[in-house]
Amino acid sequence: VAGALAACGQSSSTSSGSSPSASASTSVDEVPDETAGPYPGDGSNGPNSLDDSGIVRSDIRSSYDISTNVAEGVPLTIRLTTRDAATGDALAGAAVYLWHCDRDGGYSLYTVPEENYLRGVQESDSSGTVEFTSVFPGCYDGRWPHIHFEVYSSLADATTAGPIVKTSQIALPKEACDAVYATS
């Protein structure tokens, strides 16, 4: 199933919205592969947060075992739906590892080593959906505001360095960035 996985129906908003339906009536386009970047925290180039007991969570604003600090910023709900790219069917039980920088452009575990906030893993529900509570990421030289994610076949694969099915990124819409940066 690894090659057939799509992470579609991604949405980011500053308020709650409806979830995508459990199955698609038409085929979906597979999300393109993107780099995990220099700060994945998945053990591929430094720290591995995926085997930490606190990594499976929906609210990723706080650090879970390094400190009690909470990332500040404009609230953001991130909702992703995993689907089979060939059929459009929802993939219940897949896992999504999601991470992004803080409002100042720093990444926990790397440029902000005393924190592990803004990282989390969730298992997709019966509609293939995961939802994270976070803050709007900042930008930094050379990069538009974005959110990284890896998709795994299961929660067990995600938390035991199993094979990654898909690595990609979400670039945040200009209109949302303009609104957030005008108020922060």
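- Taking every heavy atom of both residues into account, D52 and N48 meet most closely at OD1-O, 3.9 Å.
- Relative ring orientation between W99 and H148 is described as parallel, the plane-to-plane angle staying below 30° on a 0-90° scale split at 30° and 60°.
- Taking CG of L76 as the start and OG of S134 as the end, the distance is 6.0 Å to the nearest 0.5 Å.
- For the side chain to side chain contact (heavy atoms under 4.5 Å, CB included) with Y117, the lone residue among V135, V112, D59, V70 that qualifies is V112.
- The salt bridge (Lys or Arg N to Asp or Glu O under 4.0 Å) analysis of residues 134-163, with sequence neighbours excluded, yields no pairs.
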Could you walk me through whether S58 and E131 pass the side-chain hydrogen bond (donor to acceptor under 3.5 Å, both in side chains) check? CA-CA 6 Å; S58 60; E131 182 174 297; over 6 Å; no
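- Remark: of the listed residues L155, T129, T82, T82 is the sole one forming a side chain to side chain contact (heavy atoms under 4.5 Å, CB included) with S124.
- L109 and Y107 fall within a single hydrophobic cluster, where Ile, Leu, Val, Met, Phe, Trp and Tyr side chains are chained together by heavy-atom contacts under 4.5 Å.
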Between W144 and C139, does the side chain to side chain contact (heavy atoms under 4.5 Å, CB included) criterion hold? Intermediate values first, please. CA-CA 6 Å; W144 186 262; C139 59; over 6 Å; no
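- The shortest non-hydrogen separation linking S126 to A90 is O-CB, 4.2 Å.
- No path of Ile, Leu, Val, Met, Phe, Trp and Tyr side chains, each step under 4.5 Å between heavy atoms, connects F149 with L118, placing them in separate hydrophobic clusters.
- Under the side-chain hydrogen bond (donor to acceptor under 3.5 Å, both in side chains) criterion, the residue pairs touching residues 31-41 are D33-K166, with sequence neighbours excluded.
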